[in-house]
Amino acid sequence: MIGTPGVRILHVLLQVVSTLALSPLVPGLINKVKAVLAGRTGPPVLQLYYDLAKLSRKRALFSRTTTPIFLAGPVAAVAAVLTAALLVPFGHFPAPVHFQGDAVLFVYLFGLARFLTILAALDTGSSFEGMGSAREATFSALAEPALFLGFAALAKASGSVSLSDMLASPGFGLSRAMAPFILVLVSWAIVFLAENARLPVDDPNTHLELTMIHEAMVLDHSGRPLALVLYGASLKLQVLGALILGPLLPRTRHPWLDWGAYFLGLALLAAGVGVVESVTSRLRMTRVPQFLVASVLASAFAFLILLV
Amino acid sequence: MILYWTALGLSALSGIPGLFLPRKGGVASAVLLCLAAVAGLAASARVLCFGLAWSQALPATPLGPAGSLAFDAVAAFFLIPVVALSACGALYGVRYWEDHHENARRLRLLLGILAAFTGLLTAASHMVTFLVAWEGMAIAAFFLVTTEDREPEARQAGWLYLVTTHLGTLCLFGAFALTVPATGGLGFGALPGGFVASGRGTAAFVLYLVSFGLKAGALPLHYWLPPAHAAAPSHVSSYLSGVLIKTGILGMVRLLSWVPDPPLWWGGAWVALGALSGILGVALALGQHDLKRLLAYHSIENIGIILLGLGLGTLGKSTGHPAIMVLGYAGAMLHVLNHGLFKGLLFLAAGSAVHATGTRNLERMGGLAHRMPWTSGGFLAGAWAICGLPPLNGFVSELFIYLAAFHALPLSRSPWPAVSLASLALIGALALACFAKAYGIAFLGMPRSPGADQAREAPRAMLAPMGILALACLAIGLAPALAAPALDRVVAGMTGSQALPRLGTLVNLPALSILAALLLALGALLWRWAGRSRSERDVPTWDCGFEGGTPRMQYTASSFADGLVTGMHWALWPKVHWRRLTTLFPFPTRFASHLPDPVLDRAGIPLAGLASRWLERLRFFQGGHLPVYLLYVMLTLILLLLWTAA
């Protein structure tokens, strides 16, 4: 499956390039689907690329309240997620870096990005950003156990703690592990929506500060730091998307076809998010923890079923 | 052997010159403790790098039986935080405590004595030696907690600590008494097989767990810890939290090394205790607004993580899975060291902030990162490490424990691995929230009080120890492979078995180093790109167009934690003082919330009050007349005579 070193290098390159270059396409696709479903033309699919190019030429404003932490937030949001992208297999080819326990590192790298984003928000001294960061910290405290219990179920089924093995077998071979598999996917889909600040947890389009989580935390960024924030969010969509797609995608006969399946899967996932966002409304803030607890329970049940 | 005794001797004597040198006493004690640290680290390195362990019988004294010392890998490993934190603390204390002349001599003298007794305890391999070191340590710590004996708070915390630690010693006496018939002597050694499964063995286990749990501050035996850590001077808190509570873990590690066949429920008991301490410890920390109390509750959380590692390792030992055992024990031991480093760092940084602002209340700090950039950097490094975030050291030890839990998942139908996984994940996320709150509210934003506005950076003598500890955290995080051989020796020493898989074969440590370096390189690259852009730096915070936000409008520590604390109110019972607005025409109202300790404030104090009211009736026997007391003595004698005759 691994093939010769040359092929392996080619796969690694493909993964790195698709991480770096492709991720801004995902939010574009989501917005396009939402626009079409609402009967609008919507922004072009490549809009985020234009935004990034524009922002990187713009002047950045730094409030006099802020310290270097304010810049560390956006930087970590990209650096940590890029590092995490090396650990997750895109499709069924093993990730560029894989070892026993990389799943833990994967989650903690997202933790690092979150920690510094929260601090950057508190650095401004703005009450809105404090509100957003408090919500982010609260909700992620529930999302993390859900992710880990899902890993526990997959580790139990696959006998490995490496993402490249855990996510490689589609549907756990569709045997008696079918039910836990579906539960883990449901749980992770909720985590995916919550972590990426999507409906019904958070609305990426509103700029009504009282209802926002992620957007409220990055209100004060501008110029290149804002470009990093936007790029980091799109990276997160793609990397966490790869996590869900791993066990879901069918395994084809040829590794190159697997890549095709992955890109198609990513486009379908983006379309799915667009549909979800078009048909649901945002939950009341007090309901969000219940939604996330449902995801914890789903993966806990998945593990319990595998235990018997 | 010489190095070890040199370290102990220099520590014990470090405060003596200070008794006669009122001005330079701090410097003298710092120099002596630094020399002690060099000797102690060399002694540890001899054992951990070259395996040159030694043991020694102590000469018999006229007062008691001879003891013995065994400076093995476990002792050498525990000695590292002892000497490192006492030296850092003394160095820090030179400037930190200079304006408190009245108690400075006592503080210096007892810090050295405490370090010497802790050092003795690490190597004690005899019950009498162990108890002597244990008691000496407890009493020295009592005097250190009550350093500021003019404050009623410090006196109360000290008495609570003294009573608690003697309760623990009492349990330890009982446990030793139950163990002696099985081993046939006072020396530490392997217990005979089958002993731990007997009723006597179970009773001894419970007593050991209570005694060591009290010292370690495992929930619900933690009640003495937050007041004591908050009341002590910061460099003493750093030692108490970084080292002293770990002696409870040392006791548990010694206990585990005597038992060849731990029953399955032992591991479960440790995991349960660890999950409880970890989750509730961090949840209680979230609700604290006193910076030092918050850090103290985090010590309980980290003790929980260590207990999870010990429990998983024990599960591996009793089911015969060496990989689980190695990962669990190595994770627990590395976390002991790591917690010593980053919690020491956090207490020192918190001490500087408290010193500069004159308050321990988070809500009255704010904006310190501008005024104290180095202290702020130290606290950030400590917070980064304690949340277990890569690339610092906390991540490495937590990864070992996670891996132990993952490896233990296939154990047939045992719920404990999954419990450990879920609780580790929850602890990690809550710790992140809590330290985002502590650092963000205290150091970022705008100053929330005049004291915070006028804060000045700490002097270099206080910053240097923080720098050393932060660098140590980074070194372990970047190159964990360097610590692996030492950990292998420690685990072999703990289990008495040499044929264990090496840590390096179970965890891909080079990959961790490479990814950590990659992360740092990416960060530096992006930092350069984003920081070099054209920018304008003297603008107000936008705040949605609401220019001119005031410090009072910032998010506070209580509002930051409110969601999580109310979410866990079933376990925490927060107290809220608030006159709810009910009429159409609002009246002035205030809101205040605080989080009492569930064991001490909710159960301990009411129960103690109840008991003292009931026991009041026994005052009848205490009449104050000597003849009556003599009568009691005689009656007792007669009763005893009758009992022995019968």
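Quantities reported herein were computed from a predicted structural model and do not represent experimental measurements.
With a 4.5 angstrom heavy-atom cutoff, A/P68 touches chain B via backbone and side-chain atoms both. No part of A/A121 comes within reach of chain B, as not one of its non-hydrogen atoms sits under 4.5 angstrom from that chain. For A/D220, the part lying near chain B is the side chain, with the backbone staying farther off; criterion is any non-hydrogen pair under 4.5 Å. Interface residue A/S133: backbone and side-chain heavy atoms are both found under 4.5 Å from chain B. For chain B, no part of A/L304 is nearby; none of its heavy atoms comes within less than 4.5 Å. Both the backbone and the side chain of A/L71 come within contact range of chain B, judged by heavy atoms closer than 4.5 Å. Interface remark: A/A76 contributes no atoms to any contact with chain B (heavy atom separation under 4.5 Å). Residue contact with chain B, scored on non-hydrogen atoms closer than 4.5 Å, involves the side chain of A/L228 exclusively.
Your options are B/A436, B/G440, B/G563, and the one with the most heavy-atom pairs under 4.5 Å with chain A is B/A436. Comparing A/L116, A/L119, A/I118, A/L149 by heavy-atom pairs within less than 4.5 Å of chain B, the highest count is held by A/L119. Comparing A/L142, A/V296, A/T124, A/L86 by how many heavy-atom pairs each has under 4.5 Å with chain B, the most go to A/T124. Looking only at heavy-atom pairs under 4.5 Å with chain A, the residue among B/P417, B/C434, B/G445 that has the most is B/G445. Heavy-atom pairs under 4.5 Å with chain B were tallied for A/D102, A/L87, A/V75; the largest tally goes to A/V75.
Atoms SG and CZ, from B/C387 and A/R114 in turn, are 10.5 Å apart once rounded to the nearest 0.5 Å. Distance CD/A/Q100 to CG/B/L403: 7.5 Å, rounded to 0.5 Å. Interatomic distance, OG of A/S140 versus CG of B/L432, reported as 6.5 Å (0.5 Å rounding). Distance check, rounded to the nearest 0.5 Å: CG of B/L424 to CD of A/E144 gives 10.5 Å. Between the CZ atom in B/F395 and the CG atom in A/L109 there is a gap of 7.0 Å [rounded to 0.5 Å]. With rounding to the nearest 0.5 angstrom, the CZ atom of A/F70 is 10.5 Å from the CZ atom of B/R537.
Of all heavy-atom pairs between A/A141 and B/L564, the closest is CB-CD2, 4.1 Å. Taking every heavy atom of both residues into account, A/G130 and B/F560 meet most closely at O-CD1, 4.3 Å. The minimum heavy-atom distance between A/G101 and B/L399, with the atom names listed, is O-CD1, 3.6 Å. When every heavy atom of B/S559 is checked against every heavy atom of A/A134, the shortest pair comes out as O-CB, 4.5 Å. Nearest heavy-atom pair across B/A425 and A/P145 is CB-CA, 3.8 Å. Here the shortest heavy-atom pairing between B/L389 and A/G111 reads CD2-C, 3.7 Å.
A distance-only check finds no donor-acceptor pair linking the side chain of A/S127 to the backbone of B/Y555 [under 3.5 Å]. Checking side-chain atoms of B/H370 against main-chain N and O of A/T67 turns up no donor-acceptor pair under 3.5 Å. Looking only at distances, no side-chain donor or acceptor of A/R224 sits under 3.5 Å from a matching main-chain atom of B/R534.
Counting heavy atoms from C-beta on, the side chains of B/D538 and A/F62 never come closer than 4.5 Å. Using a 4.5 Å cut-off on side-chain heavy atoms (C-beta onward), B/E536 and A/R59 make contact. Under the 4.5 Å side-chain criterion, counting only non-hydrogen atoms from C-beta, A/Y108 is in contact with B/Y402. With contacts defined as side-chain heavy-atom distances shorter than 4.5 Å, the pair B/F400/A/V104 does not qualify. Here the side chains of A/L112 and B/W384 are in contact, with some heavy-atom distance below 4.5 Å.
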Please lay out, stage by stage, how B/F443 and A/L122 fare under the test side chain to side chain contact (heavy atoms under 4.5 Å, CB included).
CA-CA 10 Å; B/F443 289 91; A/L122 289 173; over 6 Å; no

With side chain to side chain contact (heavy atoms under 4.5 Å, CB included) as the criterion, how do B/Y439 and A/I69 come out once you've worked through the C-alpha distance, each side chain's angles and the decisive distance to 0.1 Å?
CA-CA 11 Å; B/Y439 183 75; A/I69 297 284; 4.0 Å; yes

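Annotation for A/F291: atom CZ counts as buried by contact number, over 12 foreign heavy atoms lying within 6.0 Å. Within 6.0 Å of atom CZ in A/R287, 12 or fewer heavy atoms from other residues, nucleotides or ligands are found, so the atom counts as exposed in its surroundings.
Partners of A/W188 by ring pair (Phe, Tyr, Trp, His ring centres under 6.0 Å), not counting sequence neighbours, listed by chain and number: A/F151.
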Name the atoms and distances for all side-chain donor-acceptor pairs under 3.5 Å in residues 512-532 of chain B, with sequence neighbours left out.
| from | atom 1 | to | atom 2 | distance (Å) |
| --- | --- | --- | --- | --- |
| B/S513 | OG | B/L478 | O | 2.8 |
| B/S513 | OG | B/L509 | O | 3.4 |

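The aromatic rings of A/F148 and B/F406 sit tilted relative to each other, their planes meeting at an angle between 30° and 60°.
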